[in-house]
Amino acid sequence: MDRDTIFALSSGRPPAAISVIRISGPLAHEAGRRIAGELPGARAAAVRELRSPATAELLDEALVLRFDSPASSTGEDVVEFQCHGGRAVVDAVLSALGAIDGLRLAEPGEFTRRAFENGRIDLTEAEGLADLIEAETESQRKAALALAEGGLRKQIDGWQEQVLGFSARAERAIDYADEGGPDSDPQLSSECGALASELREWLKRPRIEPLKDGVRIVVAGPPNAGKSSLLNAIA
């Protein structure tokens, strides 16, 4: 089923030095050419004039990047405009894109959802990316970055590989029980126990919610007991 081609401002709200406007979908390259003329080669960047398709009015001079499906952040054809980050510039480019038939403004999180649906990231990486965008402290940044880079997925893949290996060894021991007896693989039980202990340790780890949401603490006491001094020392 054909998808809509979507576009949106993918960087922070203007004003800013640079704003990134992204187009993703089957009409992305066509829309990019209508705004910027000839597009650069795949995974390359070039400076282009951005013009209104309707009036040919100059909107901005921007760095244009092109990505071809499936080797893009969303798994679809993608074009990015890295334009000047003034409000008027961004609004003009978005308005020009919105006037092109077949394009619509992306919903919140839709680029990430498409990346997941097209197999570019998994759910843990998507959650890590969302956490990274919202990170306000160094601890939050490190935790989110590890998740966004696939740290949890790699760990789970390792556990899955071990479990599949244990299963194969257990089936082999059962199938050849008459030849080797029940202890034909004496290390299997201890290795399974080691993996179970590792999983228990992971499950005992502190939950991530306090790191993301913070912890509400009340400092109470009579007047002049040192509440403010304690809070200042902690801060």
Side-chain angles (χ1 to χ4, degrees), residues 6-22 24 60 62-63 73-74 80-95 105-117 120-160 162-163 190 192-235:
I6 57 175
F7 68 92
L9 176 66
S10 295
S11 57
R13 293 184 179 181
I18 298 293
S19 288
V20 178
I21 296 174
R22 179 180 296 171
S24 179
D60 193 23
L63 192 67
S73 58
T74 63
E80 287 188 358
F81 300 144
Q82 297 186 8
C83 55
H84 293 94
R87 290 189 179 92
V89 172
V90 172
D91 289 344
V93 176
L94 292 177
S95 295
L105 194 64
E107 299 174 358
E110 191 167 6
F111 289 116
T112 301
R113 187 181 72 193
R114 291 192 177 196
F116 166 69
E117 291 175 346
R120 300 299 294 175
I121 58 175
D122 62 22
L123 282 176
T124 63
E125 291 169 309
E127 183 177 354
L129 181 60
D131 291 345
L132 188 61
I133 293 172
E134 298 177 356
E136 296 181 355
T137 68
E138 183 68 6
S139 297
Q140 290 174 336
R141 182 192 67 82
K142 289 181 178 179
L145 190 59
L147 200 58
E149 289 183 335
L152 180 56
R153 174 182 54 79
K154 293 175 184 176
Q155 182 65 63
I156 292 174
D157 287 346
W159 289 332
Q160 183 180 36
Q162 290 184 67
V163 170
S190 61
C192 289
L195 177 59
S197 297
E198 183 179 349
L199 291 171
R200 281 193 293 269
E201 290 301 316
W202 268 80
L203 293 174
K204 289 179 182 178
R205 289 187 173 191
R207 296 177 62 84
I208 194 64
E209 283 78 5
L211 179 62
K212 294 167 56 178
D213 303 331
V215 178
R216 178 169 295 184
I217 298 174
V218 176
V219 181
N224 299 320
K227 299 184 297 295
S228 298
S229 299
L230 175 61
L231 183 60
N232 289 337
I234 294 173

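Values below: all heavy atoms of this structure, side chains included; hydrogens, waters and symmetry mates excluded.
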(message) If you apply the rule side chain to side chain contact (heavy atoms under 4.5 Å, CB included), what do you find for C83 with I18, and how did you get there?
(response) CA-CA 6 Å; C83 55; I18 298 293; over 6 Å; no

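- Partners of F116 according to the side-chain contact (heavy atoms from CB on, under 4.5 Å) rule, which considers only residues two or more places apart in sequence or in another chain, are I121, L123.
- For the side-chain contact (heavy atoms from CB on, under 4.5 Å) test, residues two or more places apart in sequence or in another chain that qualify with S11 are L9, S19, V20.
- Going from atom CD of Q82 over to atom CG of L63 covers 5.0 Å, rounded to the nearest 0.5 Å.
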(request) May I have the step-by-step check of side chain to side chain contact (heavy atoms under 4.5 Å, CB included) for R113 and E107, ending in yes or no? (result) CA-CA 10 Å; R113 187 181 72 193; E107 299 174 358; 4.2 Å; yes

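- Here the side chains of E198 and Q155 are in contact, with some heavy-atom distance below 4.5 Å.
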Can you give the donor-acceptor pairs under 3.5 Å from side chains of residues 216-231 to other protein atoms, not counting sequence neighbours?
unit_1	atom_1	unit_2	atom_2	d
K227	NZ	G221	O	3.3
K227	NZ	P222	O	3.0

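- Here the closest non-hydrogen pair linking G86 and P14 is C-CB, 4.0 Å.
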(message) Show, in sequence, the C-alpha distance, side-chain angles and deciding distance for R114 and I6, and conclude whether the side chain to side chain contact (heavy atoms under 4.5 Å, CB included) test is met.
(response) CA-CA 11 Å; R114 291 192 177 196; I6 57 175; 3.5 Å; yes

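- Rounding to the nearest 0.5 angstrom, the gap separating the CG atom in L195 from the CZ atom in R200 is 9.5 Å.
- Of the listed residues (L94, D60, V93), just one forms a side-chain contact (heavy atoms from CB on, under 4.5 Å) with F81, and that residue is V93.
- Geometrically, R22 engages F111 in a cation-pi contact defined by less than 6.0 Å to the ring centre and at most 45° from the axis.
- L105 contributes atom CG, which lies 9.0 Å from atom CD of E110 (distance to the nearest 0.5 angstrom).
- Put simply, NZ on K204 and CG on L199 are 12.0 Å apart, with the number rounded to the nearest 0.5 Å.
- Atom CG in D122 sits 8.0 Å away from atom CG in D157 (nearest 0.5 Å).
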